[in-house]
Number of protein chains: 2
Amino acid sequence: MAATLKDVASKTGLSIATISKYVNGQTIKQENKEKIDAAIKELNFKINYIAKGLKSNKSMTIGVLIPELENVFATHIMSRVEDTLMNSGYSTIICDYKNDTDLERQKLSFLLNRQVDGIIAVPTHLSKDDLAGLEIPIVLIDRIIDGVNCDCVLVDNKDASFSAVEYLINKGHRDIAIISGPKDVYTARERTLGYIDALVQYSIPLNESYIFHGNYDTQSGYNLTMDIINMQKRPSAIYVTNNEMTIGSVIALNECGVDIPNDISFIGFDNIDFAKVTKPNLSIIVQPRDEIGVTAANLLIEKIHDPDTEKRVIKLKTSLIKQASVSIRK
Amino acid sequence: MAATLKDVASKTGLSIATISKYVNGQTIKQENKEKIDAAIKELNFKINYIAKGLKSNKSMTIGVLIPELENVFATHIMSRVEDTLMNSGYSTIICDYKNDTDLERQKLSFLLNRQVDGIIAVPTHLSKDDLAGLEIPIVLIDRIIDGVNCDCVLVDNKDASFSAVEYLINKGHRDIAIISGPKDVYTARERTLGYIDALVQYSIPLNESYIFHGNYDTQSGYNLTMDIINMQKRPSAIYVTNNEMTIGSVIALNECGVDIPNDISFIGFDNIDFAKVTKPNLSIIVQPRDEIGVTAANLLIEKIHDPDTEKRVIKLKTSLIKQASVSIRK
DNA sequence: TTTGTAAAGTTAAACGTTTAACTTTACAAT
DNA sequence: ATTGTAAAGTTAAACGTTTAACTTTACAAA
């Protein structure tokens, strides 16, 4: 069907090895170059990556493991990962584990059985044991796992929360609610800690009833915000710690006619497109999603080329986009 | 490094062929079965798909081409595609083309060069020529391309719009706005046609100024809804034709204090999670996303196993979820 | 015991590349 | 004309499987 090196060889009268060398960039007589180019074009020859992979023991394929394909934060990063890898000749096999612990392990081993040259993962419940003794490089995103030789790209979640809450404090707020994620998720714990740190640093007493734990989806953002709205002592500001919950939260506030920022100040997370759509535009913590993706891909490629590079942990900065959703507390 | 059939063979004293046969399900002496199982376990043998692929000329990999990795509709479908394919032993290479015509072609040929056994695509600007004469099966989602031997899974977009608009008409509405997608996109054209059909069928004069074309993103949903709100003759109902624009539209209405359904009736599209979060819950057209994904994957697998199956076009039904966002027009 | 035959196992070639080791060619220097 | 040598090209083995064709084994039937 598809033409092989052999076909090109017989068409040109040269040997297979010569064609292979030319295709792989070695020098060759000008005259033969032309002959080969012509033959390649005529036969529509394309290198067979499977055969190449067998010989070289490289599949030129990277596995990617994410919590959910509907998770916009993850897919945005993956989009950049895919681009970056493709520019280096790699394909990307994406698996999602639907936020399921068993599936997470299962899909990881699926990838490992597929001769991928490396893996980029956004893990939730993977542990040291799952990743120990692996023969290929792995880059972790969003979560660091101790005792394992995986590079890692994350943001300073604690600092992100700190800066959001500090900003609210500087605007005069004392009663600040946080809608954080699940207690057993690394990013959620860090984001809660940053919130607490800021209060402590500014000597504001911690009110446990202002700390809410959602599960990072729109519905829980909506529900918890409803709870906040109905509190006897309603906080003067809400800080919501992910993309989906930010949407749910704004919907709830809108529906109840709670005005941002006159009735309540608001800082959201991640969803920059959404933040630009609402009036007033939302103040928001944004993660450098493009940079996360590109960095992770590059770390992986480097590690593949030189497996001896030592473990690197890259902590990127988030930024706080200040818009009109935060008012000065009288 | 990784153990091969050869290693298992020498460990058991059997020939490579015997191991291969056993691994592929042929019968074998009980005694040898046990020996082989033990050796496989001890050596942690895993079949090498690259070598297997070289021999069988199958990569057991499917390419997937979608407009954008951030497109929730597409990724939801892909999530089901991935599952279904994985259950049949296939990996999924996902490429997104960022809504870019050139990239769309580029990524398609990237996939074609990768020995994928088949492709599932959600095309935007691919034409007959791009798909003609391909040697592997292709399944198209959401758009049919004439004159090309590709199976196709889509929903009845015209009928979807028709039923939404008919429902509004039956509730007494005459002035119905539609926020449709880009004029050059197949689904948008169909959805607009269904809107028009319904008006025609019920002898309601068509008001061109009620037909809006966004570009399927949140911002355009927001902007066009603002335009609608500010019309001198404001319609009594809005029908929004995709996921992202539905969010933008609701945000705009909420912000302007336009009450759903008392001030305006509303029917959205696709975003069932979002529709459940708002109060009142939104009436919404939902596409059978799971079914689309599973169907596309199954069509592809069937076509791979039997390339002679004739072209099939599967048109699935959408459904209209009726919730409190539509009121009776006095 | 011999024969027939089904089941189990083996041999070796093949898939499309790469690459080490080798040969041939081309041509400058003598 | 001879030699030396760098460049260009070739040969053949290898990567880890599968599989057609073959051999061996086991055992029931005669």
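All values below were derived from every heavy atom in this structure, side-chain atoms included, with hydrogens, water molecules and symmetry-related copies excluded. Throughout, a chain's letter reflects where its sequence line sits, starting with A, and its residues are numbered from 1.
Counting only heavy atoms from C-beta on, S20(B) has its side chain closest to dT18(D) among dT18(D), dT17(D), dT10(C). Among dG16(C), dT17(D), dA8(C), the nucleotide with an atom closest to any side-chain atom of T27(B) is dA8(C). If you check dT18(D), dG16(C), dT11(D) against the side chain of K52(B), the one that comes closest is dT18(D). Side-chain atoms of K21(A) lie closest to dT19(C) of the nucleotides dT19(D), dT19(C), dG16(C). With dG16(C), dA12(C), dT10(D) as the candidates, the nucleotide lying closest to the side chain of A51(A) is dG16(C). The side chain of K55(A) lies closest to dT18(C) when the candidates are dT17(D), dA20(D), dT18(C).
In this structure, N57(B) places its CG atom 15 Å from C1' of dT19(D), rounding to the nearest Å. Going from atom CD1 of I19(B) over to atom C1' of dT11(C) covers 15 Å, rounded to whole Å. Nucleotide dG16(D) holds its P atom 17 Å from the CG atom of N24(B), rounded to whole Å. With rounding to whole Å, Y49(A) atom OH is found 19 Å from dC15(D) atom C1'. Rounded to whole angstrom, the span from the CD atom of Q115(B) across to the C1' atom of dG16(C) amounts to 10 Å. The interatomic distance linking K29(A) (NZ) with dA26(C) (C1') rounds to 8 Å, in whole Å. Straight-line distance from the CD atom of E31(A) to the P atom of dA7(D): 18 Å, rounded to whole Å. Computed from coordinates, the M60(A) CE to dT18(C) C1' distance equals 15 Å when rounded to whole Å.
When Watson-Crick and G-U wobble pairs are counted only if both distances are under 3.5 Å, dG4(C) pairs with dC27(D). dT17(D) is paired with dA14(C) under the criterion used here, namely a Watson-Crick or G-U wobble arrangement in which both key atom distances are under 3.5 Å. Nucleotide dC22(C) forms a Watson-Crick or G-U wobble pair with dG9(D), both donor-acceptor distances falling under 3.5 Å.
Here K98(A) pairs with D83(B) in a salt bridge; the nearest charged N to carboxylate O distance falls below 4.0 Å. Ion pairing between a basic and an acidic side chain is recognised when a charged N comes within 4.0 Å of a carboxylate O; D151(B) and R312(B) show such pairing. Taking the charged nitrogens against the carboxylate oxygens, K303(B) and D117(B) have no contact shorter than 4.0 Å, which rules out a salt bridge.
Among the heavy atoms of the strands lying under 4.0 Å from T18(A) is at least one base atom, whether or not backbone atoms are also near. Within the nucleic acid shown, Y22(A) has no heavy atom closer than 4.0 Å to any nucleic acid atom. S56(A) comes within 4.0 angstrom of no nucleic acid atom, judged by non-hydrogen atoms across all strands. Note on F45(B): only backbone sugar-phosphate atoms sit closer than 4.0 angstrom, heavy atoms only; bases stay farther off. Using a 4.0 Å heavy-atom distance criterion, I28(A) is classed as a sugar-phosphate-only contact.
Dashed line: the shortest gap from a side-chain N or O of S15(B) to OP1 or OP2 of dT10(C) is under 4.0 Å. In this structure, N48(B) does not reach the dC15(D) phosphate: none of its side-chain N or O atoms is under 4.0 Å from OP1 or OP2.
Closest-nucleotide positions on DNA chain C for L54(B) and I16(B) were compared, and the one nearer the 5' end corresponds to I16(B).
T124(A) and Y97(A) share a donor-acceptor pair across their side chains, judged by distance under 3.5 Å alone. With hydrogens and angles left out, the side-chain atoms of D290(A) and H76(A) include a donor and acceptor closer than 3.5 Å.
Looking at residues two or more places apart in sequence or on another chain, you find no salt bridge (Lys or Arg N to Asp or Glu O under 4.0 Å) involving D217(A).
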